[in-house]
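First up is the structure itself, then whatever we jot down about it.
Letters go in sequence order (proteins before strands), and every chain restarts at 1.
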Amino acid sequence: MEYFLELFLGGLTRGSIYALIALGYTMVYGIIELINFAHGEIYMIGAFTGLIVATILSAYGFGTFSVLILTIILAAIYSAAYGFTVEKIAYKPLRQAPRLSPLISAIGMSIFLQNYVMLAQTSDFVPFPALIPDFDFWEPYSHILRSSELVILSSTASLMIALTLFIRYTRIGKAMRATAQDRTMAMLVGINVNRVISSTFIIGSSLAAVGGVLIASHIGQINFFIGFIAGIKAFTAAVLGGIGSIPGAVLGSMVLGLTESFATGYVSSDYEDVFAFLLLVLILIFRPGGLLGRFTTQKV
Amino acid sequence: MMKSMASRNGWLFVLLALGIFLWTASGAMAEGVLKIGVGGAHSGDLASYGLPIVKAAKLVVEDVNAKGGILGKKVELVIEDDVCKPEVATNTATKLASEGVPIVIGHVCSGATKAALGIYKASKIIAISASATNPELTQSGEYPNFFRTIASDDAQARLEVDFAIDKLHLKKIAVLHDKGDYGKGLAEYAKTFIEKSGKAQVVLFEGITPGAVDYSAVVQKIKRSQADGVIFGGYHPEASKIVSQMRKDKMKTAFISDDGVKDDTFIKVAGKYAEGVYATGPKDTTKNPMDKMVREAYKKAYGEDVGVFSINGYAATQAALNAIQKAGSTDYNAIIDALHNDWVETPLGKIKFDAKGDAIGVGFSVYEVKNGKYVEIAN
């Protein structure tokens with residue numbers, strides 16, 4: 001039972017990170033039907049920004065808690081700027097182009113950003129400071145629960161709630177839902193579609209950056225390539241849950257994280273990816289739209 | 001234009017043919033020369049392994065010739081390229097055999113070495129490799145004419161297992177690897193050796209996914225297996241993630257790994273969690289005065305630092321020439337006897353070859369991370 005709980009919590013933690021990244025994929029797809037393959041790199045840039053900010057703040061003697069909060073906020077802002085710029089440079093000029101063009105442009109952006117960080121920083125792995133202090137829980141739970149897992153789970157949960165409220169009740173949230181439903185119609189009723197798209201990129205990028213900083217602090221190391229695998233997994237999770245659906249992305253991420261964790265724990269870590277992608281294939285066969293997605297025929 | 005090109009090519013061809021003829025003729029005519037072959041990758045993407053061995057061999061030969069040569073003859077190197085490809089290596093071997101060399105320094109890659117060895121065996125030629133680490137080459141017993149001045153892949157796994165069982169007294173060992181050729185091969189040897197020892201058991205044998213977001217599930221599994229030690233085959237990025245996660249979970253389980261982890265980046269990235277981690281790596285020979293001398297001579301002669309296998313290549317050439325000197329002739333059996341029985345002073349230390357052809361006195365040491373540095377603790 002204890003083993004099960006440990007695997008369950010590990011899976012949820014992994015799922016939370018996927019969810020923070022998957023939301024960016026799913027929101028961008030929901031609004032402009034583009035798969036933003038550069039999104040994994042935004043997560044990686046978030047982690048690198050976090051490293052730089054945390055190092056500077058610690059050098060100036062800030063306390064642990066303020067370093068954590070400020071690092072997350074600054075990394076989110078900086079990555080949001082990157083997400084915004086990527087959209088303006090690589091996708092906006094191609095808004096009317098055939099659907100394949102922005103997709104290729106996204107892949108190009110992803111490779112560009114990887115190489116850019118590799119050249120600007122280093123191709124080596126670099127240590128990342130533990131921003132979340134380890135503290136012991138009371139006895140029977142002390143070795144099941146870990147403080148960094150708890151922080152990751154709770155911050156993901158609160159960000160999800162905040163995002164849901166934001167989309168349901170704010171002006172820009174309503175505009176986003178309207179644009180997702182019908183872009184032309186939204187334009188006709190006076191919604192500034194370009195501003196809606198920009199805010200989607202900004203929100204998605206900041207969430208990914210938060211994920212990047214949290215997981216980097218949990219694992220303790222980063223390099224320029226981490227965005228690739230995390231991005232692919234998060235994209236898979238978004239498809240699993242039904243791409244375009246926000247609760248779907250969260251559900252898909254959790255299902256994927258738990259599947260990987262239990263496959264490793266009860267079968268063998270050799271089969272971690274096998275089970276994860278087998279699950280994806282099965283779900284796409286029986287529910288082509290994903291777990292919570294709407295079923296519509298799409299050409300990508 | 002076409003005509004002049006053709007005629008120019010014709011002339012070139014004639015000159016080239018003449019050149020080759022003259023060159024072979026001079027070789028055949030020169031009595032009193034002892035020819036030693038050098039086979040390996042001297043071009044292509046693995047040339048950085050082969051060329052430093054050639055350069056090291058040249059240093060030894062110059063040194064020996066300056067002192068009057070061997071058996072009253074000057075030593076001459078016959079250098080042939082195999083690009084590390086087995087199909088090319090058979091040609092290379094045939095060429096060297098037709099030159100009549102008694103010994104070949106090489107080859108560089110295990111695959112190419114194996115292809116060449118059959119031909120050498122038939123022609124009664126001895127091969128001494130500085131870099132082919134595949135265990136089968138010596139252990140299959142098929143090639144009594146093969147020797148090497150580098151430890152084989154399984155020697156590292158053997159050292160890890162002996163260290164875990166005899167020094168750390170571990171009883172339950174989890175063996176993990178990164179699914180790669182090198183890491184998995186090493187882990188499989190470690191598993192076999194642990195099972196054969198009868199003193200400990202393998203409680204977990206698994207491949208992890210390199211680059212995964214985290215390894216908490218694997219770490220939980222190690223914990224549940226109640227292993228008192230982990231042997232990991234692979235490289236430092238995965239190792240540092242696993243070790244950090246284990247230590248954060250307050251697991252005191254010993255962690256033993258290979259020369260893919262014996263890297264300063266590992267200590268830098270794992271930080272305080274690296275303390276107490278064991279890793280095997282090539283024996284530290286830099287304190288050996290001869291090693292220092294070779295490094296300086298190499299730098300002086302070629303204006304660059306020694307390559308990966310230069311020191312091993314230097315030792316191989318020394319062993320070859322010494323064996324001929326001791327045998328007093330280029331007789332196949334006499335040279336083999338000398339290689340097995342006579343100690344040679346080399347930059348790797350004092351070496352001779354065991355019954356299978358592996359160098360005794362060459363190998364790996366166990367290092368432990370102490371105060372942020374790898375310290376040699378056992379070998």
Side-chain angles (χ1 to χ4, degrees), chain A residues 2-11 13-18 21 122 124-130 134 136 142-144 146-149 152 211 215-216 218-223 225-226 228-230 232-234 257-258 260-274 276, chain B residues 174-180 183-184 187-188 204-226 230 232 234-252 260-261 263-274 372:
Chain A
E2 190 186 304
Y3 185 56
F4 175 84
L5 274 179
E6 283 169 344
L7 291 178
F8 184 74
L9 279 173
T13 311
R14 200 185 258 221
S16 303
I17 301 300
Y18 292 160
I21 312 170
T122 165
D124 257 351
F125 274 84
V126 281
F128 195 98
D134 275 321
D136 286 329
S142 69
H143 47 276
I144 300 177
R146 266 187 285 165
S147 52
S148 54
E149 288 184 342
I152 291 176
I215 193 71
H218 180 54
I219 298 297
Q221 56 175 300
I222 53 174
N223 87 339
F225 200 61
I226 54 168
F228 181 74
I229 292 172
I232 295 260
K233 285 283 171 70
L258 288 173
E260 288 182 345
S261 189
F262 285 129
T264 303
Y266 288 114
V267 189
S268 161
S269 54
D270 288 306
Y271 294 101
E272 183 183 304
D273 287 352
V274 175
Chain B
V175 180
L176 301 177
H177 59 84
D178 64 355
K179 297 185 198 165
K184 193 175 183 187
E188 274 165 356
L204 183 68
F205 181 80
E206 252 176 48
I208 56 155
T209 311
V213 173
D214 82 337
Y215 292 119
S216 70
V218 177
V219 169
Q220 298 306 341
K221 215 170 176 182
I222 298 171
K223 200 198 260 179
R224 192 163 92 134
S225 73
Q226 296 186 322
V230 175
F232 175 73
Y235 299 96
H236 64 82
E238 280 70 47
S240 61
K241 280 191 209 170
I242 296 174
V243 168
S244 307
Q245 222 149 3
M246 277 166 59
R247 300 299 183 240
K248 278 182 198 163
D249 266 13
K250 305 199 174 52
M251 289 163 69
K252 300 229 164 26
V261 172
D263 184 307
D264 288 339
T265 318
F266 171 75
I267 300 177
K268 204 177 84 192
V269 171
K272 63 176 180 188
Y273 301 116

Working for salt bridge (charged side-chain N to carboxylate O under 4.0 Å, His left out), residues A/Glu6 and B/Lys223 = CA-CA 11 Å; A/Glu6 283 169 344; B/Lys223 200 198 260 179; 3.6 Å; yes
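The NZ atom of B/Lys184 sits 7.0 Å away from the CG atom of A/Asp270 when rounded to the nearest 0.5 Å. A/Asn223 CG to B/Thr265 OG1: the interatomic distance, rounded to the nearest 0.5 Å, is 11.5 Å.
Scored by the side-chain hydrogen bond (donor to acceptor under 3.5 Å, both in side chains) test, A/Thr13 finds no partners at all (sequence neighbours excluded).
Within a 6.0 Å sphere centred on CG of A/Asp124, heavy atoms belonging to other residues, nucleotides or ligands number more than 12. Around the OH atom of A/Tyr271, the shell of radius 6.0 Å holds no more than 12 heavy atoms that belong to other residues, nucleotides or ligands. Surrounding CZ of A/Phe262 are more than 12 heavy atoms belonging to other residues, nucleotides or ligands, all under 6.0 Å away.
Contact of the A/Thr264 side chain with the B/Tyr215 side chain is not registered, since no non-hydrogen atoms from C-beta on lie closer than 4.5 Å. A heavy-atom distance below 4.5 Å is found between the side chains of A/Arg146 and B/Ser216. Proximity of A/Ser269 to B/Lys221: side-chain heavy atoms (C-beta onward) are nowhere separated by under 4.5 Å.
Using modelled atom types, no side-chain atom of B/Lys241 and backbone atom of A/Ile219 make a donor-acceptor pair closer than 3.5 Å. Side-chain atoms of A/Arg14 never come within 3.5 Å of backbone atoms of B/Val213 as a donor-acceptor pair (strictly under, hydrogens ignored). A donor-acceptor pair under 3.5 Å links the side-chain atoms of A/Gln221 to the main chain of B/Pro237, judged by distance alone.
When all heavy atoms of B/Glu206 and A/Val267 are compared, the closest pair comes out as OE2-O, 4.0 Å.
Proximity to chain B (any heavy atom under 4.5 Å) is shown, for A/Phe225, by neither the backbone nor the side chain. Only the side chain of A/Tyr3 comes within contact range of chain B, judged by heavy atoms closer than 4.5 Å.
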